[in-house]
Amino acid sequence: MKRLLSAALAATMLTTPSWAGEVKIGFVTTLTTGGAVIGNDQKKAVDLALEHIGHKMGGLDVNLIYADDGFKPDIGKQATDKLVKQDNVTFVAGYIWSHVLLASRKSALDAGKFLISANAGPSPIAGKLCNKNFFSTSWQNDQTPMAMGEVLNQKGVKSLYIIAPNYAAGKNMVAGVERTFKGKILGKDMTKWPTQLDFSSELAKAKASGAEALFIFFPGKAGGAFIKQYQQAGLKDVLPLYTVFTVDALSLPKLQKAGFSDILGSQFTQEWDPSLDNAQNKRFVHDFKAKYGSYPSFYAAQAYDSIFLIKSAVDAVHGDLTNMDGMRAAMKAANFPSVRGKFTYGNNHFPIQNFYLRQVVKDGDGNWTTKVVKTVYTANQDPYHAQCALK
Amino acid sequence: MDYTLLFIQTLNGVQLGLLLFLVASGLTLVFGILDFVNLAHGSIYMIGAFVCASLTYWSGNFLIAVVLSLPVMAVLGYLIERVIARRLYARDHLDHVLGTFGLILVMDTSAHLIWGPEGIAVPLPDWLNGQVTLFADVVVPSFRLLIIATGLTIAAGLFWLVNYTRLGMLIRAGASNRTMVAALGIDIKTLFSLVFALGAVLAGLAGMLVAPITEASISMGGEIIITAFVVIIVGGIGSMKGAFIAALMIGLIDTLGRSFLGDIFQLFMSQDAAETSAPAISAMLIYIIMAAVLAVRPQGLFPPKVR
Amino acid sequence: MGRLGKAGWVTLIVMLALLILPPVLLWSGNEFYLLLATRLVILAIAAVSLNLILGYGGMVSFGHAAFIGIGAYAMGIPVYHEFYGGLPGVASTNGFFQLALAVGLSALFALITGAISLRTKGVYFLMITMAFGQMVFFLFQSLSEYGGDDGLVIEQRSELPLVSFDNPLSLYLTSYAVLVAVMLLVWLIVNSRFGMVLRGAKGNDQRLITLGYNTYLYRLTAYVIAGVIAGVAGFLMANFASFISPDMMGWSRSGELMFMVILGGAASVIGPVLGAAAFVVIQEVLSSWTVYWHLPFGIMLILIVLYGRGGVMGIISGRGSAHRRPDE
């Protein structure tokens, strides 16, 4: 038994030796459990990005290593440790979940690596825990619901009912919409996360409250479940639905297949949309659809951007990976073609960017997708940047 | 007091309770009669949802798919019993736990490989997709009523099966004294296989009924199994009556707690404090109930008489 | 095999390997495997403590990870207040203070929940301990001050004289020393008169009660000792990860500890260490081959249960039927 173990241990230690002609990038995402839907979409986008840049950055070959976080902070930390210590990567990117990012943060940054979040944006990382080697290609949690609160004001909505899961991101989303929404909040339900998928009780309360509109945040499969029950309860005309991070390119094909048409026309806010008019986005969306047969999700878009951000850094120093300062300055300039269009970085290295109102529509082929209705915020910066000590 | 809301929430609680009963009844049968701890019961529930979802798209109708899926679940249960469970009956509960945990990993990962991680949304026929007005303001989704009706029918059927049929008599006798039943010339092995298959069918049916509300997803087994165990422990292991009452109790308390705890807390604390503590307490509620019940009645509410 | 016996030799070899191998790994430039070994050793401490009640006392606890969580938050919360203010009485980066807090709180929690849980037996005990574990889980999940579900980043590791936990090797060797001490303690306990009563009560409770022993108190004492040791493991885990979150104490984590004990072979001191090692190493090896490693891992577990009775220790010592059900 012991011999077997040591043989196995020896086998895993056969890591590929690092050589001067390559840049190593670790990408930590979720490849097992139900969260793998998102992880796989990010992986597709990263693969496509590598294809688009010909697997080259600053004259170096790209060696990209995927790692699974299993949707658990300690597994994510262990995966990051391995990338940093064993594989000796220069960049660690990915991170869908706030708790995985928070757990892995120290492992990457203490080792002097660049840490790039392609999704998670918890407030500590934007504020007190900001770091010169951390960059985000997504957003800070509060921004998207703040944009939604603004939309509700513009629509003249006077009263709102809120349903969101009872965990950190859920609370951030609620706080975000409460920060900007000027009307009255008639009720609020925080549901058990992630196991509660039956919302009959909350929907009944929301309806009984007499609110004009319903705001929800349910990422992943809970979002699909909520929308089905919303339709089954027949609330479309009574209680219009406004969402953040609930409807995406991952849930729409499933909802379409099962005929949940009440979602058509529903609106939500985001920093990106497949219909945004810039060359990089057109190429990304077109090639993604051609290669994988579906629209990319915003997770995919942010993952795609993360590779181009890294490329801009490696290009700027012409492949000299010891020049951390040069790479950092290049990334800080946000001088790369982003699928969301031009943006700048704040002092905390979170994007200062536009937020759009998106609407679910049918495309020319009859597939359900989204289009931009209007721009809600231009060059919006997160509310936590003042707590960050970086200049 | 909003009585319409209270009525609707009670109905929601009953519906949740009956779904829990479907999962718990299979678990309590296998646990009570075979004395076998089956952690993989939740995964059988998950497989039921996926099989039914696939068959819904294949046949074009949810109800046909349910009818076709039930025998599939029986076969699955039978196979698990023959290949794994049967060899473990004579062992310690700890071996059951480890073995069926292995089974969970195998079944969940297989589902991931077969159906993908994204889950499947299950469409309903139009007549089940609408709402029914019971009276005045009370409008409920018609599918929820179907769940309630199915749950009650199955409960009545199980009650009849266990108490008034020859099979039920053998089941009860086999649970009290295996050797005696075998000595009477009864094929106890086949009897146990039947019980296990029945448990799988009940779990699978629950999965099929949940799928149109949420979806078939690879993590749904892990989400239900703990609650199902809570139900059978509170009810008393092996007691069908206990499982029924405990399932309804937990369904109602959970739903009503989620719905009204915040308002109740606001009576004696600030709005902010109520907003933070109510969701936390309602998430803990079923565990608090279980701990309280066991503290007072260490064998659950309805412990089986002779073991 | 001499006077040491098979189990003794296994213990000696495994513990020597755990002492020598990780520093060698570090010097050969494989720092990651030192970190892996640290996680392994800390989990082994918790598994050994669980085995005291599970393997020797017959108390199958399904809420043991709660103690790890309590120990970890007892380390993390003082550091949080030291850096961000509030609760000046608790704010501290002193390792001894944090450790005392971890020990005190886990003992208190074990005493209260144990007193209630031990009224029940068998599967009922398993479920009621799980219920208490889940309550702690949801409690910490609702504490948004400490990050709630997102968890809490620990700004500074515990300060102790002589050792610096920022040095991975010191942290490893400290954890190793704690593991050795805990194994020794458990060995002394189970071979004492106290341990005889505990083991006797597992086999035949009624007989010992008739003999005049208050087995409830014996069990409760063992439960508190096991809880405290797991709390210490939590203190070390928080130092190791520099991060704490409610995820450390969910029921699935308690389940994993239980599997380590059963996998390694309950009712031997080294068994849980082997179980933890098998769990961590197999997971690492399989997951580096395929992301679908749960499938072969599950098949392995089933085969071990079907054919290798008594876990890894059962296979090594060639016992055929360690898990035969005791007759009631």
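To find a chain, count down the sequence lines: A is the first, B the second, and so on, and within it residues start at 1. Only heavy atoms go into these numbers, but all of them, side chains included; no hydrogens, no water, no symmetry mates.
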Task: For A/Ala168 against C/Gly147, the heavy-atom pair lying closest together - done: CB-O, 4.0 Å
- [ ] For the pair A/Asp74 and C/Arg253, find out whether any cationic side-chain nitrogen is under 4.0 Å from an anionic carboxylate oxygen.
- [x] yes
Task: From CH2 (A/Trp97) to CG (C/Asp150), nearest 0.5 Å - done: 11.5 Å
Open item on the list: Non-hydrogen contacts under 4.5 angstrom with chain C: give the residues of residues 98-113 of chain A involved, or none if there are none.
Closed with: A/Ser98, A/His99, A/Leu102, A/Ala103, A/Arg105, A/Lys106
Open item on the list: Let's test your reading of the structure: which of C/Tyr84, C/Trp293, C/Phe83, C/Tyr292 forms the most heavy-atom pairs below 4.5 Å with chain A?
Closed with: C/Tyr84
- [ ] With a 4.5 angstrom heavy-atom cut-off, could you sort out which part of C/Gln283 is near chain A: side chain, backbone, both or neither?
- [x] side chain
Task: Toward chain A, the part of C/Ile154 with a non-hydrogen atom under 4.5 Å - done: backbone
Open item on the list: Counting only non-hydrogen atoms closer than 4.5 Å, does C/Phe138 touch chain A with its backbone (N, CA, C, O), its side chain (CB onward), both, or neither?
Closed with: side chain
- [ ] With rounding to the nearest 0.5 Å, note down the distance linking CD in A/Gln86 to CZ in C/Phe32.
- [x] 7.0 Å
Task: Derivation and outcome, side-chain contact (heavy atoms from CB on, under 4.5 Å), residues C/Asn30 and A/Lys85 - done: CA-CA 7 Å; C/Asn30 290 293; A/Lys85 309 271 188 209; over 6 Å; no
Open item on the list: So if I take each residue of residues 233-242 of chain C and look for any heavy atom under 4.5 Å from a heavy atom in chain A, which residues do I end up with?
Closed with: C/Phe240, C/Ala241, C/Ser242
Open item on the list: Checking an interface table here. Which of residues 123-131 of chain A come within a heavy-atom distance under 4.5 Å of chain C?
Closed with: A/Lys128, A/Leu129
Task: Spacing of C/Ser142 atom OG and A/Asn166 atom CG [to the nearest 0.5 Å] - done: 7.5 Å
Task: Point-to-point distance, once rounded to the nearest 0.5 Å, from CG of A/Asn172 to OG of C/Ser144 - done: 10.0 Å
- [ ] Sort C/Val153 into side chain, backbone, both or neither according to what part of it lies under 4.5 angstrom from a heavy atom of chain A.
- [x] side chain
Open item on the list: Could you work out, with ring pair (Phe, Tyr, Trp, His ring centres under 6.0 Å) as the rule, every residue matching C/His294, not counting sequence neighbours?
Closed with: none
Task: Pairwise distance NZ(A/Lys72) to OG(C/Ser252) - rounded to 0.5 angstrom - done: 4.5 Å
